[in-house]
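I have placed the structure first, in the form of structure tokens, so that the comments after it can refer back to it.
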Amino acid sequence: MSISKTYQPKQAEDKWYSYWMEQGFFRSVPDEREPYTIVMPPPNVTGVLHMGHMLNNTIQDVLIRRARMQGKNACWVPGTDHASIATEAKVVAMLKEKGINKKDLTREEFLSYAWEWKEKYGGIILEQLKKLGASCDWERTRFTMEPDLSEAVIDTFIHLYKKGLIYRGVRMVNWDPQGKTAVSDEEVIRREVNQKLYYINYKIVGVEGHLTIATTRPETIMADAAICINPNDERYFHLHGKKVLIPLINREIPVILDEYVTMDFGTGCLKVTPAHDLNDYELGIKHNLPVIDILNDDGTLNEKAVILIGEDRFAARKKIAVMLEEAGALEKVEDYKSQIGFSERTNAVIEPKLSMQWFCKMDEMAKPALDYVLNGDIKLIPEKFTNTYKYWMENVKDWCISRQLWWGQQIPAWYLPNRQYVVAKTVEEALEEAKSLKLKAESANTMNYELLTINDLKQEEDVVDTWFSSWLWPISVFDGFKNPDNADINYYYPTNDLITAPEILFFWVARMIMAGHEFRGALPFKNVYLTGIVRDKLGRKMSKSLGNSPDALELIEKYGADGVRYGMLKSSPAGNDLMFDEDHCKQGSAFVNKIWNAFNLIKGWEIDESLSSINKVSIDWFSGRFNQVLIDIDGQFKQYRLSEALMSVYKLVFDDYCSWYLEMVKPPYQPFVEKQKIDKESYLATLAFFENLLRVLHPFVPFITEELWHDDLFGPRAEKDCCIVANLPAIGEIDTQLLTAVENVKQLVTEVRNVRNSKQISPKDKLPLAIKTNSGIDYPLFEAIITKLANLEAVEYTGVKINGANAFLVGTDEFFIALADNIDVDAERERLLAELEYLQGFLKSVNAKLQNERFVQNAKPEIVENEQKKKADAETKIAIIEDSLSALAK
RNA sequence: GGGAGUUUAGCUCAGCUGGUUCAGAGCAUCUGCCUUACAAGCAGAGGGUCACUGGUUCGAACCCAGUAACUCCCA
């Protein structure tokens, strides 16, 4: 294979991804190996790849690839989420463009459009993940609304209903009067708006006088159920137990007491309107107040308002202000700023509205789910999220699981003509159930249950919340509901790691843990790695509306998948937001190119059997260094410090292998030969090291490593002999003494280069070096290396200082470079004096510690020992420098 | 309003049980090199009141209290 000067990612990526697929390397079936399982957080089926997905899936792929190379049976299950709200919104928008209004369609018609849409756009995102190199078992791809998974949703709904955990209840929802639909909290955009605060007088019944309330919504006074004051408010003691009249309609309402009211906001009197404000609603429940809903679905006032019937809420607000003024009930109007919710879709002002919804009781299920995390069976990474999780689980609220949408699993409840309902899997079962209701029927009930037919039953229109299907994901992808004892689920469940974003810790992660316990009696995963939010350089969340998110596929096009993976991982410690900067990808592709070029160097070599081995020290050193880094990486992976692990690999390749090892062993340039001759042992060792580096690199940069793995240089490879399934190198022996010695040697080489740099001496000029060793380091052993890397002409060992030479210290060893021009004596003295001063100060502080009895008594022995060593070192160095200074004086 | 978290070099982050006399990395910056693998490179260098104020300790970036700024979650 001829090798080009720079690496061309594109061909390699397509080629190897298909090859991996053909060979079935991503496929996992249960066997006798230890399983390692990740279920992918299913992206929205009609979504496109964004930076959050890139980060998330890069992390998953690194973990999966590493596990595979550790000999585990690695299984990564991909899939998509039907995302009812987002998808339905997209379909509605698409229909609108075609001139079709959702309201004019039947449910069946709408759903067929939606499925068509899903078939067309669904799965694009999974195709995009392939470009990133995601090694998922694609044969296991699931969709949250496919028949089996939907059936699981229905079955679990019925299960929970029978257990008494699902009930119907009234709840305040975000109502969009323009779209005439409830929208989720996530779809409400809060904006600060200039408003008016109206001060309105209410007459007190039975006595002279009035009280004044402040409100931004005077049109809702007709829905008032009470006036609330703080019981501690001295201004209003006289109102306790009184009643007041609502202006204009003169309905009598009570004054109630509750500490909920803030005394210093407004007038201290709060109008309580349970039908049109969430807080008021809760206050109403507490005080048993009636709920008077004066608004129609389209935001106009209904007959309960008594006045202004049929007017729009905003028109009514203006009119009522005038009417109040005319009635003398308007005290004053002030400007006021506050947050108002707008519908993301229609931009209409959201109206809090009471509606009947389905709920799932949470407290019973939350308890065991909290325990899994608190007792460490499930680890949250980083740990700090445990607190948040605990707080939420201890204050869990019931889950509103119904959504007023069509795209999703329709709630399996059927209403009888008298609004009684039954919960059953099919309409036939529902009918049976309905007929049996007779027994429980009250005597006043005139309905004849015996005569009910299927046509009398009407299924609940609402669907369940999307999370009500995704909370089953780790079980349902392995068919754990339909076949609870099948081989897959027994083998893969509980899964190992879940990689997801912290903002869905409650929505999704907590509920999966609950579902795992409820439906399988076991946790769904052992570790939860929470990634950060991907932000731009300015710290803003990446979003489509800001347009600050780079196109994921363009990035891959530009930097190669390996480069982008590097860029995503570079600065993404768990749980911290990732300030994404394209520069990281650039660095990634530079790194990939560096690997390519290192290989290019080796390709230019040829074994010459006649040469004897001269690089034993270098080979031993790198081997030890490699093993040392393997240990580091292992530890970093155990703690999920992926960016640190990547940095360790980066430095191992860039610094240790390329900058030091290859420079040590590379044969001197031989002119007039096509390939540089090298001894056999060095060549084989270097190539073996490179292959091991490929293994360590593979989880991070899979494509370049697979490409090089198959180069002729490694000889012919069997069909299945691929980097992706190679074993990670085992950790071998480490000669610590050798490693320490080489650290000194490296420092020595750096010092020589420094002298060269500061004296402006060309790297081509050879320098003389004299060594006066005071440590036990065997410099002759490293002489060849030092000579080569520092470009020396000769190395001399001396017992005495060399006057007039450039001198420096490494540890306690002294080195001299004698140059033709004498050194600047004054400058040298100054340098030495500065160093002496530093060392004396250092020694002083060390001595202070050692003379401090409390330190010697309290500190750990090894720390005291270390201080003593520091002291000895400093004393030696001081002696050397004092010597040098006196020599300089001569 | 309640809760959680963050604050260390220009940027992004390490600093794991409190223990070097000035705290590390990568990138960026500066200087010098087109040195036969790589200028997407090589060799060097500079850069910090660890947000602030107190306290605990022989010893604090680290523990405690308070202050400030920012971020997120729940309402």
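Here the structure is a predicted model, which means the values were calculated and not measured. Every chain is numbered from 1 and lettered A, B, ... according to where its sequence line falls, protein lines coming before strand lines.
Qualifying ring-ring contact (aromatic ring centres under 6.0 Å, His included) partners for Phe359(A), counting only residues two or more places apart in sequence or in other chains: Tyr167(A). In terms of the side chain to side chain donor-acceptor pair (under 3.5 Å) criterion, residue partners of Glu644(A) (sequence neighbours excluded) are, by chain and number, Arg641(A). For the side chain to side chain donor-acceptor pair (under 3.5 Å) test, residues two or more places apart in sequence or in another chain that qualify with Glu606(A) are Lys677(A). Evaluation of the ring-ring contact (aromatic ring centres under 6.0 Å, His included) rule for Tyr391(A) yields no partner, not counting sequence neighbours. For Lys651(A), there are no side chain to side chain donor-acceptor pair (under 3.5 Å) partners at least two apart in sequence or on another chain. Residues satisfying the side chain to side chain donor-acceptor pair (under 3.5 Å) criterion with Asn593(A), sequence neighbours excluded, are absent altogether. The ring-ring contact (aromatic ring centres under 6.0 Å, His included) search around Phe808(A) returns Phe815(A), not counting sequence neighbours. When the salt bridge (charged side-chain N to carboxylate O under 4.0 Å, His left out) test is applied to Glu837(A), no partner is found at least two apart in sequence or on another chain. Partners of Arg625(A) under the side-chain contact (heavy atoms from CB on, under 4.5 Å) rule, at least two apart in sequence or in another chain, are Trp621(A), Gln628(A), Val629(A), Asp656(A), Leu739(A).
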Polar atom pairs between nucleotides 29-33 of chain B and protein, under 3.5 Å, N or O only, would you list them?
none

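rU71(B) sits 26 Å from rA28(B) when the C1' atoms are compared, rounded to a whole Å.
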Inset, instruction - Would you mind building the protein contact string for nucleotides 21-27 of chain B? One character per nucleotide, 5' to 3', B for base within reach (heavy atoms under 4.0 Å), S for sugar-phosphate only, - for untouched. - result: BS--SSS
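Lys586(A) has no side-chain polar atom (N or O) that falls below the 4.0 Å cut-off from OP1 or OP2 of rA40(B). Contact check, Asn387(A) against rG3(B): no side-chain N or O comes under 4.0 Å of OP1 or OP2.
Pairing analysis of RNA chain B (Watson-Crick: purine N1 to pyrimidine N3 plus N6-O4 or O6-N4; G-U wobble: N1-O2 and O6-N3; both under 3.5 Å) yields stems of 3 or more pairs at B:1-7 with B:68-74, B:10-13 with B:24-27, B:29-33 with B:41-45, B:51-55 with B:63-67.
For the ring pair (Phe, Tyr, Trp, His ring centres under 6.0 Å) criterion with Phe690(A), the lone passing option out of Trp709(A), Phe599(A), Trp596(A) is Phe599(A).
Residue Ser758(A) is out of contact with every strand shown, counting any heavy-atom pair closer than 4.0 Å.
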